[in-house]
Amino acid sequence: TVAQEKPATAAKGKVLAERSYFAYFTGSLIGWQKMVRSEIQQDGKTRIREDETSYFKISRDFDGLVIEIHGEAASIETPEGIPISKIDVSVNGTQTTRRSATFGTESVTLTDTINDAKPVSYEISTKGLKVGSGNWAWNQLKAGDRLKKGEVIEFDNLSMESHVMERDS
């Protein structure tokens, strides 16, 4: 079974990067992922927005079982890579899960909604943490002329699924 491809959508703004990936299993195309990174203006400030869309479909011939998974995610960061907000929507069969996060100076507000259920919000403290992203780490290494093999920088990143801040590098 061939996965259906949907055109990538990007925020209005200057496209900085685009990537497409295709997933194959035993020679058959089962899915794809598309990422578009754009420079946008938000509240009069320059921001970086990253949009990802993915689709996977696996069919079993012997019993007709079909598994489809579709996801869309968007994140907004400062040009330095400091996270501002994230949204992640996934559709797995009849269940749609929507997770959104808004980053403040000392906490992150995370909201989960499954289908049409009442949203559940969590407040996660970031006090004393070095909140960043992979883009933030890359910018830090580049600014310090540390883009060399073996260089590592650690930071704290939000796991939207686990509802915790995790150490990353």
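Only heavy atoms go into these numbers, but all of them, side chains included; no hydrogens, no water, no symmetry mates.
Summarising the geometry, atom CG belonging to Asn92 is positioned 8.0 Å from atom OG1 belonging to Thr97; distances are rounded to the nearest 0.5 Å. Note that CD1 of Ile58 and CD1 of Ile30 are 4.5 Å apart. Values are rounded to the nearest 0.5 Å. Here the straight-line distance linking atom CD of Glu52 with atom CZ of Arg19 works out to 8.0 Å at 0.5 Å rounding. Taken to the nearest 0.5 Å, the CD atom of Glu166 stands 12.0 Å off from the CG atom of Leu129. From Ile69, atom CD1 reaches atom NZ of Lys57 across 13.0 Å, with rounding to the nearest 0.5 Å. To the nearest 0.5 Å, atom CG of residue Asn135 and atom CG of residue Leu16 are 10.0 Å apart.
The shortest side-chain heavy-atom distance between Phe103 and Val108 falls under the 4.5 Å cut-off. Using a 4.5 Å heavy-atom cutoff, the side chains of Met165 and Val131 are in contact. The side-chain heavy atoms of Glu50 and Val36, taken from C-beta on, include no pair separated by under 4.5 Å.
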>> Between Asp51 and Arg49, does the salt bridge (charged side-chain N to carboxylate O under 4.0 Å, His left out) criterion hold? Intermediate values first, please.
In response: CA-CA 7 Å; Asp51 293 281; Arg49 178 176 170 136; 2.9 Å; yes
>> side-chain hydrogen bond (donor to acceptor under 3.5 Å, both in side chains), that's the test. Do Tyr55 and Glu68 meet it? Break it down for me.
In response: CA-CA 7 Å; Tyr55 177 83; Glu68 279 188 89; 2.4 Å; yes
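Between the Ser133 side chain and the Trp136 main chain, a donor and an acceptor come within less than 3.5 Å of each other. The backbone N or O of Glu106 sits less than 3.5 Å from a side-chain atom of Thr126, completing a donor-acceptor pair. With Asp88 contributing its side chain and Ala73 its backbone, the two residues share no donor-acceptor pair below 3.5 Å. For the pair His70 (side chain) and Ser90 (backbone), a donor-acceptor distance under 3.5 Å is absent. Judged by distance alone, with hydrogens and angles left aside, the side-chain atoms of Asp43 form no donor-acceptor pair with the main-chain N or O of Lys45 at under 3.5 Å. With Ser125 contributing its side chain and Lys127 its backbone, the two residues share a donor-acceptor pair below 3.5 Å.
Between Asp112 and Arg99, at least one side-chain N (NZ, or NE/NH1/NH2) sits under 4.0 Å from a carboxylate O, which counts as a salt bridge. With respect to the salt-bridge test (charged N to carboxylate O, under 4.0 angstrom), the residues Arg167 and Glu154 qualify. Ion pairing of Glu39 with Arg47 is absent here, as no side-chain N (NZ or NE/NH1/NH2) approaches a carboxylate O to less than 4.0 Å.
Thr53 and Lys34 form no side-chain donor-acceptor contact under 3.5 Å, judged by distance and modelled atom types alone. The closest side-chain donor-acceptor pair between Thr78 and Glu80 falls under 3.5 angstrom. A side-chain donor from one of Ser121 and Thr111 sits under 3.5 Å from a side-chain acceptor of the other.
Around atom CD of Gln42, more than 12 heavy atoms belonging to other residues, nucleotides or ligands sit under 6.0 Å away.
Nearest heavy atoms, Phe22 versus Trp32: CD2-CB, 3.8 Å. Of all heavy-atom pairs spanning Ala23 and Leu29, the tightest one is O-CD1, 3.4 Å. Between Ile48 and Pro79, the closest heavy-atom pair is CG1-CA, 3.8 Å.
Below 30°, between 30° and 60°, or above 60°: for His163 and Tyr122 the angle between ring planes is below 30°, a parallel geometry.
For Asp145, the side-chain contact (heavy atoms from CB on, under 4.5 Å) partners two or more places apart in sequence, or in a different chain, are Lys148.
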